[in-house]
Amino acid sequence: MLLSVDLRQSRIFRPRLNSELHIFGVVLGGGADTKCKYWRDYRGPVCARIFLIHSEEGKMKYLPLFADLNERNCLIIGGEEVAAQKIRLVLGAGARLTVIATKVNKEIRDLEAVGRLRVEPSVYGSQAISKFCSSDVALIVVAEANPLDAEAWASWAHKGGFPINVVDRPDISTVVFPGIVDRDPVLIAIGSSGAAPVLVRRLREKIEGLLPSRLGRLAQFAMRFRNAVANAETNIISRRRFWEGFFDGPVARLVLKGQEHQATKAMLRIINGVGRSTPEGSVALIGVGPGDPDLLTLRALRVMQDADVVLYDRLIGDKILDYVRRDAERIYVGKAPADQSMNQQAINALILERAHTGQNVVRLKGGDPFVFGRGGEEMAVLKDASIKVEVIPGVTAAIGCAATAGIPLTHRDYAEGVSFVTGSTCDGGTEPDWASLAMLRHTLVIYMGVAKAGVIGKRLVEHGMRPETPVAVIENGTLPDQIITHGTLKTLGVMVTEQCIGGPVLLIIGDVAALSWEESRKADAHIERYAHAF
């Protein structure tokens with residue numbers, strides 16, 4: 001039986017306020033010392049400070065679970081159509097069912113006649129609870145009851161820790177019924193936390209159309225051979241790869257076509273030919289883009305789902321990691337500026353160690369592995385060790401951030417090309433050729449430059465670039481809390497310092513930055529007009 005459980009109703013959970021919205025606020029007045037990570041000042045007769053309150057995302061209201069109700073006592077309160085719908089689901093899970101209702105429809109009465117359930121007349125309030133509830137009740141469904149009666153059932157269930165679903169009352173329910181796609185023993189649950197049941201129904205219809213009707217038979221076929229495969233493939237990694245190949249291979253296609261006799265013979269031949277060698281390890285260097293998981297490539301998604309171990313650093317957010325195989329080992333390797341929990345040599349050694357044990361190793365890189373991602377160094381080490389390595393490109397930060405900011409990196413009227421430069425070597429080590437960069441009719445995209453923003457602006461002006469050259473500073477590019485700050489080359493350092501700009505940050509320098517800036521000025525003027533109304 002599929003249920004979604006609201007853990008916030010349980011005794012182990014302390015509720016806390018949590019908005020699911022991004023709220024834009026206007027604060028009138030405010031002293032100069034008022035600080036907020038994301039803000040811009042709009043000055044006029046009234047000072048308005050525009051800021052972003054960014055809530056935590058990705059928090060599930062309900063945790064989907066599979067509940068074993070077979071031969072367990074369940075209660076359903078109600079005897080009409082809504083109750084009948086829930087009765088079908090609960091009986092399908094093998095529950096022992098008691099229906100509490102003074103009046104029941106024909107379907108429920110027929111089920112009672114053949115011994116599928118027991119009907120008891122309604123008794124209200126505390127009398128009903130004391131009469132019908134006991135410690136072995138596995139689920140209570142209130143399908144039809146007056147509000148006071150429903151709340152009495154919910155209150156009792158909450159105190160006793162019993163799962164309860166009150167139809168159309170998610171506020172007092174601890175479980176909800178999701179939309180179900182049934183390919184027994186394969187079950188798929190779809191839920192919206194009660195927000196959009198019609199949308200859930202539409203999604204279920206789409207998934208029903210995508211899945212083969214014999215998918216359940218395929219799962220049962222695999223179950224028949226689990227022990228045989230386990231005996232043939234004693235290495236757990238080899239065993240998992242065997243099954244991955246099976247479900248993508250010709251034997252599975254035979255089962256889905258209904259040709260199980262031929263599939264059985266083919267499966268036996270494969271199992272009898274399986275060896276017991278150590279699996280060959282491999283490494284994938286994957287570019288995951290600047291942060292938005294929607295920018296992941298299809299190839300990246302597939303390889304991330306096949307990973308045995310994943311190495312990631314501070315630029316890889318939780319939303320990206322959600323696409324990794326759930327039971328893959330995850331190793332954080334840090335690499336923040338001036339605070340590296342693991343240096344590059346140690347990372348290389350760890351990748352080699354895991355690959356030599358036969359694991360599929362995935363190294364996640366922000367942006368693209370070969371654009372200031374040190375992917376070339378890691379690939380060279382792996383090739384020297386004869387490790388199979390694949391490089392999966394990603395949307396580099398320059399392309400992704402510029403696109404979301406509406407800044408064309410090249411433009412027939414403003415920029416003949418684009419140059420990618422790292423700012424992390426300024427004031428130490430070999431600096432970029434500022435003279436050449438300043439004279440090119442190029443857009444400059446500076447990676448890792450926020451700490452040296454003032455130095456970058458100074459160097460470019462010293463070598464001939466106009467102090468009034470437009471600059472865009474993009475923080476958390478492509479993410480919901482992306483902030484774009486505009487200025488000029490001569491004010492770059494002050495702008496970054498005064499507005500508390502941190503990382504990850506991308507600097508875009510050149511006339512093309514003004515194209516987005518003009519749009520921002522229009523928005524600024526609109527906000528100033530709004531502030532004047534107060």
TODO: Answer yes or no: is there an ion pair linking Lys388 with Glu280, defined by an N-O contact shorter than 4.0 Å?
DONE: no

Open item on the list: Main chain of Leu479, side chain of Asn476: is a donor-acceptor contact present, judged purely on distance under 3.5 Å?
Closed with: no

- [ ] Would you confirm whether Glu475, through its side chain, and Gln482, through its main-chain N or O, come within 3.5 Å as a donor-acceptor pair?
- [x] no

Open item on the list: How close do Arg330 and Val324 get, counting heavy atoms only, and between which atoms?
Closed with: NH2-O, 4.1 Å

Open item on the list: Under the side-chain contact (heavy atoms from CB on, under 4.5 Å) test against Ile509, which residue among Leu437, Leu444, Val473, Val421 passes?
Closed with: Leu444

Open item on the list: For the CZ atom on Arg202, are there more than 12 heavy atoms of other groups (residues, nucleotides or ligands in this structure) within a distance under 6.0 Å?
Closed with: no

- [ ] Check the side chains of Asp306 and Asn360 for a donor-acceptor pair under 3.5 angstrom, ignoring hydrogens and angles.
- [x] no

Task: salt bridge (charged side-chain N to carboxylate O under 4.0 Å, His left out) partners for Arg299, two or more places apart - done: Glu390

Open item on the list: What's the separation between atom NE2 in His486 and atom CE in Met495, rounded to the nearest 0.5 Å?
Closed with: 9.0 Å

Task: Minimum-distance pair of heavy atoms, taken over all atoms of Ile392 and Thr297 - done: CG2-OG1, 3.8 Å

Open item on the list: Less than 4.0 angstrom from a charged side-chain N to a carboxylate O is my criterion; do Glu378 and Arg374 meet it?
Closed with: no

Task: Exam field: side chain Asp368 to backbone Gly394, donor-acceptor pair closer than 3.5 Å - done: yes

TODO: Could you label the plane-to-plane angle of the Phe225 and Phe221 rings as parallel, tilted or perpendicular, counting under 30° as parallel and over 60° as perpendicular?
DONE: tilted

- [ ] For residues Ile316 and Leu321, determine if any side-chain heavy atom of one lies less than 4.5 Å from a side-chain heavy atom of the other.
- [x] yes

Open item on the list: Please check this pair: side chain of Arg239 against backbone of Glu233, looking for a donor-acceptor N/O pair closer than 3.5 Å.
Closed with: yes

Open item on the list: Under a plain distance cut-off of 3.5 Å, with no hydrogens placed, do Gln305 and Arg302 share a side-chain donor-acceptor pair?
Closed with: no

Task: Side-chain (Ser173) to main-chain (Val176) donor-acceptor, under 3.5 angstrom - done: no

- [ ] Say whether, by atom type as modelled, one donor and one acceptor occur between the side chain of Tyr447 and the main chain of Val505 under 3.5 angstrom.
- [x] no

Open item on the list: I want to know whether Phe372 and Phe420 have ring centres closer than 6.0 Å.
Closed with: no

Task: Expected output: side-chain His158 to main-chain Ile172 donor-acceptor under 3.5 Å - done: yes

Task: Value rounded to 0.5 Å, distance of OG1 in Thr404 from CG in Asp292 - done: 9.0 Å

Task: Contact summary for Pro293 and Ile320, nearest pair of heavy atoms - done: CA-CD1, 3.6 Å

TODO: Would you name the heavy atoms of Ile474 and Ala405 that are closest together and state the gap between them?
DONE: CD1-CB, 3.7 Å

Task: Nearest non-hydrogen partners of Leu315 and Pro504, listed with the distance - done: CD2-CB, 3.8 Å

Open item on the list: Applying side-chain hydrogen bond (donor to acceptor under 3.5 Å, both in side chains), can you list everything that pairs with Glu71, at least two apart in sequence or on another chain?
Closed with: Arg96

TODO: Could you grab the distance from atom CD1 of Ile508 to atom CD1 of Ile407, nearest 0.5 Å is fine?
DONE: 4.0 Å

